[in-house]
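Comments concern the structure below.
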Amino acid sequence: MAARVAQGARTVRRVSRAMLVGSRGMSVAAAAPYSFESLRATRVGDSVLHVELNRPEKRNAMNKTLWREMVECFDRVAQDSDFRVVVISGAGKMFTAGIDLMDMAGDMLQSEETDVARKAWKLRNTVLRFQESFSAIEKCPKPVIAAIHSACIGGGIDLITACDIRLCSQDAWFQVKEVDIGMAADVGTLQRLPKVIGNASLVNELVYTARKMMADEAMSCGLVSRVFQDKEALLEGAFHLASEIASKSPLAVQGSKLNMIYSRDHSVKEGLDYIATWNMSMLQTEDIVKSAQAAMEKKTPKDITYSKL
């Protein structure tokens with residue numbers, strides 16, 4: 001664990017000073033490409049979007065506005081060629097306390113319907129709508145990095161398991177909280193967490209007991225790939241990683257994401273057939289020619305100007 005934290009610290013020290021100064025010195029107009037009530041979206045460097053859960057006074061509890069705006073945000077990012085990578089974090093003292101129960105109670109527990117079937121039908125549609133809030137992250141072709149500090153509870157697990165990469169600070173802890181409020185998690189945790197961790201016994205234990213998982217255990221089981229000393233180091237490390245990914249061919253990166261998600265949910269044979277069909281057109285990209293030429297000239301992908309996608 002200590003070695004991984006030290007490695008995270010070394011990564012932070014390698015962060016480009018130019019990128020950090022540039023991101024902090026941007027004008028307000030350039031730094032805020034989208035405007036939301038419960039999220040804060042800012043540009044970091046040339047091609048990275050930083051999305052913060054922005055209800056710090058409520059411990060970033062997820063209200064109806066946040067659920068709706070997550071879909072709006074990632075639908076826009078998916079179509080915005082200015083951004084190639086997204087970093088998600090939480091403003092304030094923690095990543096998220098999970099569902100805002102007071103705000104959500106009306107939709108989930110109250111209905112004017114008296115017929116059980118019609119009440120159930122509407123409730124199912126509500127759950128499906130909430131599921132889309134995090135499925136939108138997975139559907140977005142741009143890689144999404146979750147930077148988690150302090151608490152990540154309930155709906156927070158649903159959110160981060162829909163992300164491509166998960167990093168955390170040393171004070172982070174994780175909790176599948178739903179059984180403690182009398183329900184089964186229904187917006188992604190039960191479907192994605194087993195595939196993320198790959199340990200059915202551990203997933204069952206976390207889900208059935210609602211116990212806390214600390215950063216070192218999250219690291220050892222594969223929920224996160226790196227642990228950083230504190231929130232500041234975490235964000236700098238996340239931005240550095242995002243910048244590294246953004247320097248690659250967007251066709252290659254986004255094609256890789258879409259194919260890995262497809263292969264996760266299909267057989268090896270189906271996955272191989274899918275990538276063959278995918279690459280029969282994508283192998284004709286100019287990005288391969290540019291990359292090959294750069295390699296012969298002893299250059300790196302950062303020296304290449306790839307066209308926007």
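One hydrophobic cluster, built from ILVMFWY side chains closer than 4.5 Å, holds both Phe134 and Ile197. Ile261 is not connected to Tyr274 by any chain of hydrophobic side-chain contacts under 4.5 Å among Ile, Leu, Val, Met, Phe, Trp and Tyr, and they are in different clusters. Note on Val253: it does not cluster hydrophobically with Met282, by side-chain heavy-atom contacts below 4.5 Å among ILVMFWY residues. Under a hydrophobic-cluster definition in which Ile, Leu, Val, Met, Phe, Trp and Tyr are linked whenever side-chain heavy atoms come within less than 4.5 Å, directly or via other members, Ile88 and Val71 are assigned to different clusters. A continuous path of Ile, Leu, Val, Met, Phe, Trp and Tyr side chains, each step under 4.5 Å between heavy atoms, connects Phe36 with Trp67, placing both in one hydrophobic cluster.
Using a cut-off of 4.0 Å between Lys/Arg side-chain N and Asp/Glu carboxylate O, Asp115 and Lys119 are scored as not salt-bridged. Using a cut-off of 4.0 Å between Lys/Arg side-chain N and Asp/Glu carboxylate O, Arg55 and Asp100 are scored as salt-bridged. Under 4.0 Å is where a charged nitrogen must lie from a carboxylate oxygen, and between Glu69 and Lys64 no such pair does. The residues Lys139 and Asp75 are annotated as not salt-bridged, no charged nitrogen and carboxylate oxygen being separated by less than 4.0 angstrom. In summary, Asp287 and Lys290 do not engage in a salt bridge, as defined by a charged side-chain N under 4.0 Å from a carboxylate O. Ion pairing of Arg211 with Glu217 is present here, as a side-chain N (NZ or NE/NH1/NH2) and a carboxylate O approach within less than 4.0 Å.
Cys152 SG to Ile160 CD1: the interatomic distance, rounded to the nearest 0.5 Å, is 4.0 Å. If you take CG on Leu223 and CG on Asn199, they are separated by 12.0 Å, rounding to the nearest 0.5 Å. Atom CE of residue Met219 and atom CE of residue Met214 lie 16.0 Å apart, to the nearest 0.5 angstrom. Going from atom CG of Leu53 over to atom CZ of Arg40 covers 10.5 Å, rounded to the nearest 0.5 Å. Summarising the geometry, atom CG belonging to Asn204 is positioned 10.0 Å from atom CG belonging to Leu193; distances are rounded to the nearest 0.5 Å. For the atom pair CG (Asp186) and CD (Gln191), the distance works out to 8.5 Å, reported to the nearest 0.5 Å.
In this structure, Asp303 contributes its side chain and Lys299 its backbone to no donor-acceptor pair below 3.5 Å. Remark: side-chain polar atoms of Ser281 are paired, donor with acceptor, to backbone N or O of Trp278 under 3.5 angstrom. A donor-acceptor contact shorter than 3.5 Å links the side chain of Arg43 to the backbone of Asp46. Ser247 places a side-chain N or O within donor-acceptor distance of the main-chain N or O of Glu244, the cut-off being under 3.5 Å. Counting only distance, with no hydrogens or angles, the side chain of Thr285 and the backbone of Ile288 share no donor-acceptor pair below 3.5 Å. Glu270 places a side-chain N or O within donor-acceptor distance of the main-chain N or O of Ser267, the cut-off being under 3.5 Å. His266 contributes a side-chain N or O that, together with a main-chain N or O of Tyr262, makes up a donor-acceptor pair within less than 3.5 Å. The main-chain N or O of Tyr34 is never found under 3.5 Å from a side-chain atom of Arg76 such that the two would form a donor-acceptor pair. Between the side chain of Arg166 and the backbone N or O of Cys163, at least one donor-acceptor pair lies under 3.5 Å. Between the side chain of Thr161 and the backbone N or O of Asp158 there is at least one donor-acceptor pair closer than 3.5 Å.
Here His50 and Phe239 bring their ring centres to under 6.0 angstrom of each other. Taking the six-membered ring wherever Trp is involved, the centroid distance between the rings of Trp173 and Phe95 does not fall below 6.0 Å.
Across all their heavy atoms, Met213 and Leu202 have their closest contact at CE-CD2, 4.0 Å. Considering every non-hydrogen atom in both Lys177 and Ala210, the closest pair reads CA-CB, 4.3 Å. Closest heavy-atom contact between Ala294 and Ile304: CB-CD1, 3.5 Å. Taking all atoms of both residues into account, the shortest heavy-atom contact from Pro141 to Ala78 is CD-CB, 3.7 Å. Residue Ala61 comes nearest to Leu66 through the heavy atom pair O-CD1, 4.5 Å, listed as atom of the first residue, atom of the second, then distance. Taking both residues in full, the closest heavy atoms of Ala185 and Leu190 are given as O-CD1, 3.2 Å, listed atom of the first, atom of the second, then distance.
Side chain to side chain, Asp171 and Ser150 fail the donor-acceptor criterion of an N or O pair below 3.5 Å. Gln229 and Ser169 are not linked by any side-chain donor-acceptor pair at a separation below 3.5 angstrom, with hydrogens and angles left out of the test. Judged by distance alone, the side chains of Ser291 and Tyr306 do bring a donor and an acceptor atom under 3.5 Å apart. If you check the side chains of Arg192 and Ser135, you find a donor sitting under 3.5 Å from an acceptor.
The closest side-chain heavy-atom distance from Ile245 to Ile165 is below 4.5 Å. Put simply, the side chain of Val87 does not reach to within 4.5 Å of the side chain of Leu49, judged on heavy atoms. Put simply, the side chain of Val86 reaches to within 4.5 Å of the side chain of Phe74, judged on heavy atoms. Using a 4.5 Å heavy-atom threshold, the side chains of Leu234 and Leu167 count as touching. Side-chain contact between Phe83 and Asp80 is present, with at least one heavy-atom pair separated by less than 4.5 Å. Taking the side chain as every heavy atom from C-beta outward, Leu235 and Ser89 approach each other to under 4.5 Å. Gln175 is not listed as a side-chain neighbour of Ile157, based on a closest heavy-atom distance of 4.5 Å or more. With contacts defined as side-chain heavy-atom distances shorter than 4.5 Å, the pair Ile137/Met70 qualifies.
Counting non-hydrogen atoms of other residues, nucleotides and ligands closer than 6.0 Å to CZ of Arg124 gives a total of 12 or fewer. Heavy atoms from other residues, nucleotides or ligands lying under 6.0 Å from CD of Glu37 number 12 at most.
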Please report the C-alpha distance between Leu241 and Arg226 in whole Å, then the side-chain angles of each, then the deciding distance to 0.1 Å, and finally whether the side chain to side chain contact (heavy atoms under 4.5 Å, CB included) criterion is met. CA-CA 11 Å; Leu241 177 59; Arg226 267 188 267 177; 3.7 Å; yes

Can Glu57 and Lys93 be said to form a salt bridge (charged side-chain N to carboxylate O under 4.0 Å, His left out), step by step? CA-CA 9 Å; Glu57 73 288 351; Lys93 295 181 179 180; over 6 Å; no

Let's go through Cys140 and Val77 carefully: what are the C-alpha distance in whole Å and the side-chain angles of both, what is the deciding distance for side chain to side chain contact (heavy atoms under 4.5 Å, CB included) to 0.1 Å, and is it a yes or a no? CA-CA 7 Å; Cys140 177; Val77 173; 4.0 Å; yes

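Take Asp164 and apply the side chain to side chain contact (heavy atoms under 4.5 Å, CB included) test, not counting sequence neighbours, and it matches Pro143, Val144, Lys257.
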